[in-house]
Amino acid sequence: MSFLFGGGNRSVEGSVDPAKIEMAVAELDMITDVFNRLVNSCHTKCISQTPNNHRYVEGDLLKGESVCIDRCTAKFFEVNKKVGERMSAMGSAAQATGSFGR
């Protein structure tokens with residue numbers, strides 16, 4: 001987003017291209033969505049929900065919760081990366097052939 005804060009050339013001093021603003025907002029929305037999905041997924045998986053082990057009894061994460069969140073986050077980003085690479089490859093193949101398919 002450096003193009004918003006002086007990183008790019010401006011045609012008129014003090015103006016910002018509305019298309020670039022829209023792109024930045026869309027990118028921020030996507031990043032926020034990924035973050036929220038990560039939090040929901042790993043929180044549901046790693047933070048204890050059993051009646052005998054009530055949530056938030058401790059002020060800090062338990063060691064098991066912390067390890068689980070670290071692993072869950074790493075797996076989430078690894079899968080996200082692989083899906084992105086696969087979609088990029090599919091998009092390139094579709095663009096080369098002129099159609100979308102398997």
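Hydrogens, waters and symmetry mates are skipped; everything else that's a heavy atom, side chains included, is used.
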What distance do L61 atom CG and I47 atom CD1 have between them, rounded to the nearest 0.5 Å?
5.0 Å

With sequence neighbours excluded, tell me which residues meet salt bridge (charged side-chain N to carboxylate O under 4.0 Å, His left out) with R37.
D33

Common cluster, V79/M87, ILVMFWY with side-chain heavy-atom separation under 4.5 Å:
yes

With hydrophobic residues grouped by side-chain heavy-atom distances under 4.5 Å, do F76 and I31 end up in a single group?
no

Heavy-atom donor-acceptor pair, S88 side chain to G84 backbone, under 3.5 Å
no

Closest approach of T73 and L38, non-hydrogen atoms and distance?
CA-CD1, 3.9 Å

Criterion disulfide bond (SG atoms under 2.5 Å apart) on C42 and C72, from CA distance to verdict:
CA-CA 6 Å; C42 293; C72 182; 2.1 Å; yes

Transitive ILVMFWY cluster of V39 at side-chain heavy atoms under 4.5 Å: who else is in it?
F35

Output for pair (H43 NE2, I69 CD1), nearest 0.5 Å, gives 7.5 Å

Of all heavy-atom pairs linking E65 and C46, the shortest is CG-O, 3.4 Å

Going from CD on E85 to NZ on K81, what distance comes out if it is rounded to the nearest 0.5 angstrom?
5.0 Å

